[in-house]
Amino acid sequence: MFSARADGGGEPRLEFDGEQSIFRARWSPDGQWLLLELGLPTGSDIFGLQGGPDAEPVPLITSRFWDFDPAVSPDGRWLAYGSGGEGVVVVPFPNTDDARWLVAPGGIEPHWSSDGTELFYATWNAEGDSMTVQVAPVDTEGSFSLGTPTAISTYVAWPLQTRLFTVAPGEQRVLVMEAESAVAGELILVQNFFEELRVKVGN
């Protein structure tokens, strides 16, 4: 996996050279950690990388569930992520084994506000055909806690979509990826395609 400057200058730099599939990669706000969602035979786990491509990834979140969407808080103290069996979870960072809070059962795709005082995430409705983006205040005085969430937007979504929404800097706008239908498009299998093509074109 390579990184490149956003302005297009310089040469791409190798960041990770491993055999695992990389589902997602995110920098910590201070740029010191590269968080990797790596595909494993059992699903996906979250690893952290410091020190370039020769460094060994450090396991941060490993469980029997799919672990995905890692997001480090702006102050670098907390890691929010999605657990396929539970919802949005928050742990201390980088000492992720010290404590654990399930803050949004059934939630996915956590995003921190730019000042770290709010956490955005999405939840499915009961029918599984639409998503609701929610935001909740965060309290980190002494321990971690999440306040009462407020629904921002509900929209049609397809269950296999990824990157369902994102939050603009300043938290004044939320961009959502709305589907035309929550039902996947029809899949058609054509056998003996070239024979069918010859018939249609007369060759």
*Shortest non-hydrogen contact from Glu109 toward His111*: O-CD2, 3.0 Å
*List for me each residue that meets side chain to side chain donor-acceptor pair (under 3.5 Å) alongside Thr117, sequence neighbours excluded, and say none if there are none.*
Asp115
*So, do Phe16 and Phe47 sit near enough that their side-chain heavy atoms are less than 4.5 Å apart?*
no
*Would you say the side chain of Arg24 lies within less than 4.5 Å of the side chain of Phe68, judging by non-hydrogen atoms?*
yes
*asked:* My understanding is that only one of Leu79, Leu119, Leu146, Thr140 makes a side chain to side chain contact (heavy atoms under 4.5 Å, CB included) with Val90; could you say which?
replied: Leu119
*Which atom pair, heavy atoms only, marks the closest approach of Arg26 to Ala71?*
NH1-CB, 3.3 Å
*Shortest non-hydrogen contact from Ser73 to Pro29?*
O-CG, 3.3 Å
*asked:* To the nearest 0.5 Å, what is the distance between CG on Asp45 and CG on Leu36?
replied: 12.0 Å
*List in chain and number order the residues that pass salt bridge (charged side-chain N to carboxylate O under 4.0 Å, His left out) with Asp97, two or more places apart in sequence or in another chain; answer none if no residue qualifies.*
none
*Under the salt bridge (charged side-chain N to carboxylate O under 4.0 Å, His left out) rule, collect the residues that match up with Arg173, sequence neighbours excluded.*
none
_If only side-chain N and O atoms count, and only distance matters, is there a donor-acceptor pair under 3.5 Å linking Gln134 with Thr150?_
no
*Ser44 and Trp66: which non-hydrogen atoms are nearest, and at how many Å?*
OG-CE3, 3.2 Å
_Test your reading of the model: is there a side-chain donor-acceptor pair from Thr96 to the backbone of Leu60, 3.5 Å cut-off?_
yes
_Within the 4.5 Å heavy-atom criterion, are Ser113 and Phe120 side-chain neighbours or not?_
yes
_Arg5 with Glu11: basic N within carboxylate O range, under 4.0 Å_ = no
*For the student: nearest non-hydrogen atoms of Val88 and Pro110, plus distance*: CG1-CB, 4.0 Å
*OH/Tyr81 to CZ/Phe65 distance, rounded to the nearest 0.5 angstrom?*
9.5 Å
*Grab the two heavy atoms, one from Pro149 and one from Tyr121, that are nearest each other, plus how far apart they are.*
CB-OH, 3.3 Å
*Should Ile108 and Met131 be marked as a side-chain contact (heavy atoms from CB on, under 4.5 Å) after you check the CA-CA gap, both sets of side-chain angles, and the distance that decides it?*
CA-CA 10 Å; Ile108 60 173; Met131 298 289 299; 3.6 Å; yes
_Just verifying a value: how many Å separate Leu49 CG and Leu38 CG, rounded to the nearest 0.5 Å?_
9.5 Å
*Do Val91 and Ile61 touch side chain to side chain, with heavy atoms closer than 4.5 Å?*
yes
*Arg77: what forms a salt bridge (charged side-chain N to carboxylate O under 4.0 Å, His left out) with it, not counting sequence neighbours?*
none
*Kindly indicate whether the side chain of Trp101, heavy atoms from C-beta on, has any atom under 4.5 Å from the side chain of Ser145.*
no
*Can you sort out the partners of Glu15 under salt bridge (charged side-chain N to carboxylate O under 4.0 Å, His left out), two or more places apart, ordered by chain and number?*
Arg13
*Give a yes or no answer on whether the side chain of Glu118 reaches the backbone of Trp112 with a donor-acceptor pair at less than 3.5 Å.*
no
*Should Trp33 and Pro94 count as side-chain neighbours, where that means a heavy-atom distance under 4.5 Å?*
yes
*Using a side-chain heavy atom cutoff under 4.5 Å and only I, L, V, M, F, W and Y, what cluster partners does Phe2 have?*
Leu14
*Rounded to the nearest 0.5 Å, how far does CD1 of Ile46 lie from OG of Ser83?*
9.0 Å
*Would you say the side-chain atoms of Ser28 pair up with the backbone N or O of Val72, donor to acceptor, closer than 3.5 Å?*
no
*Would a 4.5 Å heavy-atom cut-off, applied to side chains only, mark Glu86 and Pro105 as touching?*
no
*Classify the angle between the aromatic ring planes of Trp78 and Phe144 as parallel (below 30°), tilted (30 to 60°) or perpendicular (above 60°).*
tilted
